[in-house]
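Per chain, numbering begins at 1; letters A, B, ... match sequence-line order. Only this structure's heavy atoms are used, side chains among them; waters, hydrogens and symmetry mates stay out. As the structure is a prediction and not an experimental result, all values here were calculated from the model.
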Amino acid sequence: MSVEKRAAFEPPAELVRPVEAPPDMKRPAATVSGAVLVVLRVIAGIVWLVALAAQWDQVLADDGGIDPESAEGIASYGVLAIILVFGAVVLLAQLLLAFAVYRGSNAARLTLMIFATLSIVISWFDYAAGQEITIRTTLVTLALDILVLLALSSRAARAYARRPRR
Amino acid sequence: MGETPVAASDAIDEPPRARRFSINAALDAFFFVFAGVASVWLAWLVLTESFGFGWWGIAFFVVFWLVLAYLVLPRLHRILTTIYVPDYFIGRTRTSDGLLGDPVNLALDGPETSVHAAMLAAGWTRADDVTLASSWRIVTSTLTRKSYDEAPVSPLFLFGRQQDFAYQQEVEGNPAKRHHVRFWRTPDGWLLPGGRRVDWLAAGTFDRAVGFSLFTLQVTHKIDADTDVERDHIIATVVGTSPRARVDVLADFSTGYHSRNGGGDSIRTDGDLPVIDVSDVAAAPVAPSPGGGS
């Protein structure tokens, strides 16, 4: 039996190798902190939505040059309502997903990581386009997204979510 | 390609192997690497932020170090070591980040109960597992300067598994210094290089101080460079209290290992691998803990 010459490094495919975990694995800290961070991210999202609603007139004047008293301004409250409802639905979904992750769902873990990745990529484009990211603007939500991604993509969280079920 | 009936005969010729690839795993690998890259960006943003806050910037600098040492560098090491550190037995353990850890410098023969009996009789204390409760106890015992003999040891990996258990001895109630040794059961039928069969492999080192890891910048124990002293200490305590334990030395097993452990500490050794046979040590019914008096 011939043995192939072995490379001096492991194949990068090792990163893709499924991790094995015992069915009775205890819930790792990474999974718990991932779920908690998603909840914090949801809270940050609520704060953002509330701030948007409170400052809507200001936002209209600054970004669109629209007078809040005009007919156009009054109609814009419909837009605000749509944004609020849509945002609330997304945040509620994230909250449910956080609970599912805590319970050990792999689909929820992957979905949340896709959410976080998209959010990070969008922030990156904003950053590259010259928008500042500081603690006063979007650093907190971005940091939470990155921490969520780090926690949920860790080997322990992966093993827990993909452990064989009895 | 080739998803024809021919595949069936191919499958018979190929050795049976575990499923090594799936979409799910590929997604995981992508997120694993992407999160590593994103965390570098986060560290950079926090660092630049620290310049804008005057004296408060120092707090941001601490956050920057925390992010770097406990999130960014471990993740980057994990990605890189997965590729560049061979995953077969090379006489070294690996840290949870995949870096080379303490050297394997001791082997044992005998059932698990006998190992426990011999170590307890020799005045060693079994280390607690790392849990939230034990972590909290480390914090409180450090702050209140109480001793915690059963303090957990950090996980090291051999055969892809964390240690099965660990034993330790405190030194004069000083939490920074301690003797400790981790044990791994070898896989069934596994032989040491050279062909000797042993039941257990162990890595014993002496924590001499608390310091910063060279590779991850984390706060960690620094180990004494001369790992032979600790190895001989373990043997002396076990043989001194269990006369039925026999020691057989594989001379020059790893002569020429002069390297660093996972925290960047130098290691020196004469390369001998003693094998302690504890199978004749009576497995005492869980002896009462020797207590802090020993």
Participant: Within 45 degrees of the axis of the six-membered ring of B:Phe32 and under 6.0 Å from its centre: does A:Arg155 put its NZ or CZ there?
Facilitator: no
Participant: Would you indicate whether B:Phe61, at its atom CZ, is surrounded by more than 12 heavy atoms from other residues, nucleotides or ligands within a distance under 6.0 Å?
Facilitator: no
Participant: With a strict 4.5 Å heavy-atom criterion, list every residue of residues 104-111 of chain A that contacts chain B, or say none.
Facilitator: A:Asn106, A:Arg109, A:Leu110
Participant: To the nearest 0.5 Å, tell me how far A:Leu147 CG sits from B:Leu71 CG.
Facilitator: 6.0 Å
Participant: Report the option among A:Leu152, A:Asp145, A:Thr117 that has the most heavy-atom pairs separated by less than 4.5 Å from atoms of chain B.
Facilitator: A:Thr117
Participant: Measure the spacing between CD of B:Glu49 and CG of A:Leu139 and express it to the nearest 0.5 Å.
Facilitator: 5.5 Å
Participant: Step through the shown structure and confirm whether more than 12 heavy atoms of other residues, nucleotides or ligands are within 6.0 Å of CH2 on A:Trp48.
Facilitator: no
Participant: Does any heavy atom of chain B fall under 4.5 Å from the side chain of A:Ile146, the backbone, both, or neither of them?
Facilitator: side chain
Participant: Is the number of heavy atoms from other residues, nucleotides or ligands within 6.0 Å of OH (A:Tyr102) greater than 12?
Facilitator: no
Participant: Quick one: closest heavy-atom pair of A:Leu149 and B:Ala35, and the distance?
Facilitator: CG-CB, 3.7 Å
Participant: For atom CZ of B:Arg161, decide whether the heavy atoms of other residues, nucleotides or ligands shown that lie under 6.0 angstrom number more than 12.
Facilitator: yes
Participant: If every non-hydrogen atom of B:Asn24 is compared with every non-hydrogen atom of A:Arg162, which pair is closest and at what distance?
Facilitator: CB-NH2, 3.8 Å
Participant: Using a 6.0 Å cut-off, check whether atom CZ of A:Phe86 has over 12 heavy atoms from anything other than its own residue.
Facilitator: no
Participant: If you measure from CH2 on B:Trp41 to CG on A:Leu142, what distance do you get to the nearest 0.5 Å?
Facilitator: 4.5 Å
Participant: May I ask you to name which of B:Leu42, B:Thr82, B:Asp28 has the most heavy-atom pairs under 4.5 Å with chain A?
Facilitator: B:Asp28
Participant: Measuring heavy-atom distances to chain A, does B:Val85 have an atom under 4.5 Å in its side chain, in its backbone, in both, or in neither?
Facilitator: backbone
Participant: Is there side-chain contact between A:Ser154 and B:Phe31, with heavy atoms separated by less than 4.5 Å?
Facilitator: no
Participant: CG of B:Asp128: more than 12 outside heavy atoms within 6.0 angstrom?
Facilitator: yes
Participant: Is there a side-chain contact between A:Met113 and B:Leu27 (heavy atoms, below 4.5 Å)?
Facilitator: no
